[in-house]
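Every chain is numbered from 1, with letters handed out A, B, ... down the list of sequences.
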2 protein chains.
Amino acid sequence: MSETIDNKAVQQPHNHKGCMQHALQAAEQICSQKGVRLTAIRKRILELICTSHKAIGAYELLDLFKLEDPKAKPVTIYRALDFLMAAGLVHKIESLNAFIGCLQAEKQHKSVILICDNCKNAYEVDATAVYDSLFALSESMQFKPQCLTLELHGLCASCR
Amino acid sequence: MSETIDNKAVQQPHNHKGCMQHALQAAEQICSQKGVRLTAIRKRILELICTSHKAIGAYELLDLFKLEDPKAKPVTIYRALDFLMAAGLVHKIESLNAFIGCLQAEKQHKSVILICDNCKNAYEVDATAVYDSLFALSESMQFKPQCLTLELHGLCASCR
DNA sequence: GTATTAATGTAATATTATAACATTTCATTT
DNA sequence: AAATGAAATGTTATAATATTACATTAATAC
Ligand SMILES: [Zn+2]
Ligand SMILES: [Zn+2]
Ligand SMILES: [Zn+2]
Ligand SMILES: [Zn+2]
């Protein structure tokens with residue numbers, strides 16, 4: 001398995017092939033560990049998502065996928081997305097109705113998604129401190145936290 | 001203007017009329033301050049949203065609004081929602097595609113929305129510490145933050 | 001009162017997502 | 001290897017969410 005990818009490094013211009021390879025290798029390993037099947041369709045959808053760090057919509061994915069399988073339907077994409085999300089390989093950005101590949105699916109991670117509204121890149125970065133603060137708050141409210149949506153829009157270092 | 005509403009108190013069983021009144025009074029005041037018009041439609045949509053602390057979808061609102069104006073169309077609702085959100089009177093919960101009334105629109109506030117997946121109530125609670133942590137993180141990434149989506153699903157004190 | 005701007009009416013359509021059921025593929029057991 | 005059962009995919013249809021475009025009406029400014 002390739003090395004862990006560094007949050008900060010990946011946001012600079014970088015050799016993106018490494019990101020793709022890392023994501024796909026992690027996917028194979030995770031699916032095999034979990035005893036679930038990374039089928040050809042699922043793998044291809046993951047590849048398409050990981051082509052860039054820009055969030056991509058389900059119907060954009062469908063258009064791309066159709067180039068290879070012209071009779072593909074929306075449900076094909078959504079099923080693959082559901083699988084990939086359940087496996088932690090892909091995250092949905094709720095505020096965009098779009099999807100990104102996870103660059104650290106092999107690790108437990110507590111992250112925020114930083115979304116640049118200019119260049120449209122979306123990166124997950126570690127936000128352990130934020131989670132700690134949030135869980136302390138939950139505790140004080142006697143709220144039992146289960147699923148967090150944490151998306152910060154703004155301008156990235158390159159675009160600000 | 002009525003008193004400020006306390007985050008914690010409102011999550012207990014409470015006299016909800018106070019919430020409604022507070023929201024509507026704040027709305028009048030805020031709109032008048034901003035020099036924008038809280039028209040009958042907009043006010044009514046706000047009332048419908050503030051009927052409970054459960055997030056409500058645009059088409060649910062449309063169904064309710066149609067009881068009074070049977071020829072109302074989706075765009076009527078979305079326009080009112082856009083106005084109310086711009087005025088800070090209503091927030092969209094991205095992870096639900098649904099809307100809640102803001103109980104503290106008159107104040108600057110940095111809040112997280114706690115959403116109970118059982119009873120469906122959604123409350124904004126102050127999360128200044130969370131924001132501080134997040135902004136420190138942004139800073140360290142040279143990311144210029146602009147708009148945060150912060151929604152925590154789980155089980156509220158009553159439902160856990 | 002007329003001009004200008006803001007709000008609403010009306011129709012159509014775009015975008016995102018799921019349901020229902022048939023068929024095929026894969027893995028397991030025999 | 002054939003039979004079985006479960007998972008994945010194919011296929012059709014539709015549900016749910018949201019926006020565009022343009023006409024009309026209402027409010028405000030002059
Ligand atoms: Zn990359
Ligand atoms: Zn950028
Ligand atoms: Zn209340
Ligand atoms: Zn609850």
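Of the two residues near DNA chain C, G57(A) and V75(A), the one whose nearest nucleotide lies more 5' is G57(A). A residue-by-residue look at K73(A) and A58(B) shows that K73(A) has its nearest nucleotide of DNA chain D further toward the 5' end.
Look at CZ on F99(B): it is 16 Å from P on dA16(D), rounded to the nearest Å. Per the geometry, NZ belonging to K71(B) stands 12 Å off P belonging to dT25(D), to the nearest Å. Atom CD1 in I93(B) sits roughly 17 Å away from atom C1' in dA16(D) (whole-Å rounding). Atom P of nucleotide dT16(C) and atom CG of D82(A) are separated by 16 Å, given to the nearest angstrom. Rounded to whole angstrom, the span from the CG atom of L96(A) across to the C1' atom of dT15(C) amounts to 14 Å. In this structure, E94(B) atom CD and dA17(C) atom P are separated by 11 Å, rounded to whole Å. Distance I45(A) CD1 to dA8(D) P: 15 Å, rounded to the nearest Å.
Side-chain contact, H22(B) with E106(B): a donor N or O sits under 3.5 Å from an acceptor N or O. Defined by atom type and a distance below 3.5 Å, a donor-acceptor pair is present between the side-chain atoms of E151(A) and S95(A).
Out of dG9(C), dG10(D), dT18(C), the shortest distance to the side chain of T76(A) is found at dG10(D).
Between Y78(B) and dA18(D) there is a side-chain N or O to OP1 or OP2 distance below 4.0 Å. Phosphate contact (OP1/OP2 of dG10(D), side-chain N/O of R79(A), threshold under 4.0 Å): absent. Using a 4.0 Å cut-off, some side-chain N or O of K92(A) falls inside it from OP1 or OP2 of dA17(C). Phosphate contact (OP1/OP2 of dA27(D), side-chain N/O of R37(B), threshold under 4.0 Å): absent. Here N97(B) reaches the OP1 or OP2 of dA18(D): one of its side-chain N or O atoms lies under 4.0 Å away.
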- Task: Take H109(A) and C102(A) through the test side-chain contact (heavy atoms from CB on, under 4.5 Å) and record every step on the way to the result.
- Result: CA-CA 10 Å; H109(A) 55 285; C102(A) 179; 3.4 Å; yes
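Contact annotation: side chain of Y59(B) to base of dA15(D), donor-acceptor pair absent below 3.5 Å.
For H53(A) and H14(A), the gap between ring centers is short of 6.0 Å.
No more than 12 heavy atoms of other residues, nucleotides or ligands sit less than 6.0 Å from atom NZ of K144(B).
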